[in-house]
Amino acid sequence: MRVLTRRKFLRTGILGGLAAPWLGRGAAFAQNETVGSAAGFHEGISDDEILLGTSAAFSGPSRGLGIELYRGAQAFFNRVNEQGGVGGRRIALRLYDDGYQPVPSVQNTMELLLQDQVFALFGYVGTPTVTRVLPILKKFQEENVYMFFPFTGAQPQREPPYGEFAFNLRASYREETAGLVENFLRIGRRRIAVFYQADAYGRSGWAGVREALGARGEQIVGEATYTRGAAYGRSMGEQVEILRNVSPDAVICIGAYGACAAFLRDAIDFGLEVPIANLSFVGSENLLQLITDSVDDSERYTRYLVNSQVVPSYEDESIPVVREYAELMDRYQPEVPEPLRQPDYVPFDRSFVSLEGFVNAKMLVEILNRMGDSPGRARLEQAVFTVRDYDLGIGEMVSFSEQRRQGMQRLYYTVVDKGRFVPLDDWQARFG
Amino acid sequence: MKLNMNVQKLFRRPLFGIFLLFGIIAVSTSWVCIATVDSQLSEEYESNSRGIAQTIADASVDIILNRDLSALQSLIDQFLEIQGISYIYIVNEDGEFLAHTFVPGIPGEILASDPANTDTVERVLAGADSFVEVGSPILAGVAGSVHIGMDKSVITLKIQQAVGRQMYLISSIFLVGIIAAIMLMNLAARPVEHLLAYAVQLARAEREGEPAPGALLERDDEAGQLARLLLYFSRVADPEKAGALAQPEAS
């Protein structure tokens, strides 16, 4: 039975009052779907269910990211639920669509915490959304609300003052950009330009490139931006022109698949034939599909493409977690629940993003298992800190501690060969 | 009752004068309105923007010194949602752009300007509108500065709206005033019309030897007096009637 103390009642009432305008407005465009439900919740947990809350992009130009991340996670949760759940409790997800926009993500989060009373936040997508949600977590810190494994490598959820309210599994953008810069410099490509989304995500990547170059005595030679939400149909000619004028040896893109695919297309069309790198957030398969579906000679365009990834290739079934992922994706073929389903979106059988969602879910279930028979938010953080050198089956041991709130660091680089992403082993041979 | 909007020749000049007067009032009040709204709105926008720049500058110190620049970008993105603010950029003490909101890139005019200057400046950016830019130093300038660009077209639009409303009001008053003036003038002109008609009837009666019309002679206003005077002059001009007029005096 749900226990509502006087203090909690007052706090909920006050926060509810403060949040009323948000909730009222949020209802106008927030769609939601609970996968499973149960009565008698306390802190998002009932006798037979653990309720997690998600706000992600299920619509708009970046919908592929939210959809694929959810599908990967749901594949693992389906298996867990089929086997009896965590300590006899099924895992349910309360889903909201924020369209990769900050204001809806804040509204959705207030709804998840005040209305739905979820156990924890899980599977959020994007830097501009997550950075705006972090202060809410601080506001609810006495309620022990944590965010698990957001699909962003930005710093704000990795460092004070909000780092203590989030746990990250993937490598950071700082690590991704440093890796790209290091590899480009190693093969003699010193003039590095940046094409980025004009928001917190783009700035995070830009700052990573700047820092990595600065550490090696170099600096960004040119930069161009685009507005968040730009679709593939938009021309990036102006941006290409700006960067072409500084004659870069390589361009690092910090964006989502629609805009980055448009930039790649226009760059090649305008003769900017240099390596064009993307971060893991881009949504590699979505990007590649846009290119291959719209140009005749797609190899000419993808020859210069290099994407960094935070999970290994989903085709490398020598890796245990990839085998497990492939098996469960095939078995469950998860789809986004009906109210959020996009009829014109065809999901990928496999993708880096859904693999990341799968790995995130696997890690979270392990943490939930570590809470024992009487799970509660208050025990959650300590349960995370018991994860030391845990083998997720990904080839890298995962550890968390008070000082270490990011589980993995490994990066993988991929290029396109015969229409699919393959590991990049030799930078010199490919781009030297 | 049918409204007669024909203006008597007698009153065309006064009516033109009224038109002219209204025109002068409309132009002068609009000019004063434009000047006042422009000045007040510009001052208000500048003051608000300077306040926002100061707020960002104060909030930026901790971020610049301790945190990732994505937090700085997130901060300025929120302020960009305020109406009238078109761009924001933050430079460090070396003039390096740490965060900005420009798409597709930082304009050349801004790259070429002095980033340490936090005075109010007017900018015309290529391919864009005119802007008023205000700045605020971060940590007295040792950590850089915040710059905010306000779109002048927003101020222009507000001026147009204010002047438009005023012109609408003046035009309405002008229209009502002109209709009222024409009606009043026609009312004032009616005795003159009657007098004119009387004079014509009198002349016709004199020519055809008929008795003089008497309708207007009974009125006790100026029209009646003038009618009687006209009758008197017509009789004075006629020696027979003049004699008839003089006889009773002789007897």
Side-chain angles (χ1 to χ4, degrees), chain A residues 102-103 106 127-132 134-135 152-163 172-174 193-208 210-211 214 219-220 222-228 230 234-243 245-246 254 259 263, chain B residues 55-56 58-83 85-112 115 125-129 138 143-144 146-149 151:
Chain A
V103 174
V106 169
T127 307
T129 45
V130 167
T131 51
R132 294 281 281 272
L134 291 173
T152 160
Q155 290 304 118
Q157 75 272 14
R158 286 173 164 79
E159 59 188 26
Y162 302 119
S172 68
Y173 293 145
R174 201 173 274 183
V194 183
F195 167 74
Y196 62 101
Q197 188 166 288
D199 66 3
Y201 163 46
R203 185 59 56 194
S204 189
W206 175 91
R210 171 178 173 262
E211 191 178 296
Q219 57 185 11
I220 295 170
E223 62 171 71
T225 58
Y226 75 91
T227 306
R228 182 178 60 239
R234 281 271 291 275
S235 168
M236 293 292 163
E238 283 183 300
Q239 286 83 349
V240 170
E241 191 61 33
I242 289 170
L243 297 190
N245 287 340
V246 298
I254 302 114
F263 178 79
Chain B
T55 303
I56 296 174
D58 292 344
S60 300
V61 177
D62 179 49
I63 298 174
I64 290 173
L65 297 179
N66 301 311
R67 296 177 57 195
D68 185 67
L69 291 177
S70 59
L72 195 62
Q73 185 71 42
S74 188
L75 175 73
I76 66 173
D77 285 348
Q78 293 176 57
F79 284 96
L80 199 64
E81 291 162 11
I82 296 172
Q83 190 202 22
I85 294 181
S86 295
Y87 63 81
I88 303 173
Y89 64 93
I90 297 178
V91 292
N92 66 11
E93 66 276 22
D94 299 323
E96 186 185 10
F97 286 75
L98 299 180
H100 67 80
T101 60
F102 296 110
V103 175
I106 304 168
E109 294 87 342
I110 288 178
L111 284 171
L125 302 181
D129 292 325
I138 302 171
V146 177
H147 301 260
I148 292 180
D151 191 348

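Each chain gets a letter, A, B and so on, in the order its sequence line appears, and its residues count up from 1. The basis for the numbers below is simple: all heavy atoms, side chains too, and nothing from hydrogens, waters or symmetry mates. These figures come from a predicted structure and were not determined experimentally.
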Part of A:Pro102 within contact of chain B (heavy atom distance under 4.5 Å) = neither
Options A:Thr131, A:Leu134, A:Thr127, A:Thr225, ranked by heavy-atom pairs under 4.5 Å with chain B, top entry | A:Thr225
Salt bridge or not for B:Asp68 and A:Arg174, using N-O below 4.0 Å?
-> yes
Proximal component of A:Tyr162, with respect to chain B [non-hydrogen, under 4.5 Å] | side chain
Greater than 12 external heavy atoms within 6.0 Å of A:Gln219's CD = no
Minimal non-hydrogen separation, B:Asp77 against A:Asp199, with atom names | OD2-CA, 3.3 Å
Taking side chain as C-beta onward, heavy atoms only, is A:Ile242 less than 4.5 Å from B:Pro104?
-> yes
Got a second to check how far A:Arg210's CZ is from B:Glu96's CD, nearest 0.5 Å?
-> 4.0 Å
For B:Glu93, does the CD atom have more than 12 heavy-atom neighbours from other residues, nucleotides or ligands under 6.0 Å away?
-> yes
Distance from B:Ile76 atom CD1 to A:Arg203 atom CZ, nearest 0.5 Å?
-> 7.0 Å
Between CZ on residue B:Arg67 and CD on residue A:Glu159, distance to nearest 0.5 Å | 6.5 Å
Mind listing the closest non-hydrogen atom pair of A:Trp206 and B:Leu98 along with its distance?
-> CZ3-O, 3.8 Å
Over all heavy atoms of both residues, which pair between B:Ser70 and A:Ala200 is shortest? Give the atoms and the distance, please.
-> CB-O, 3.2 Å
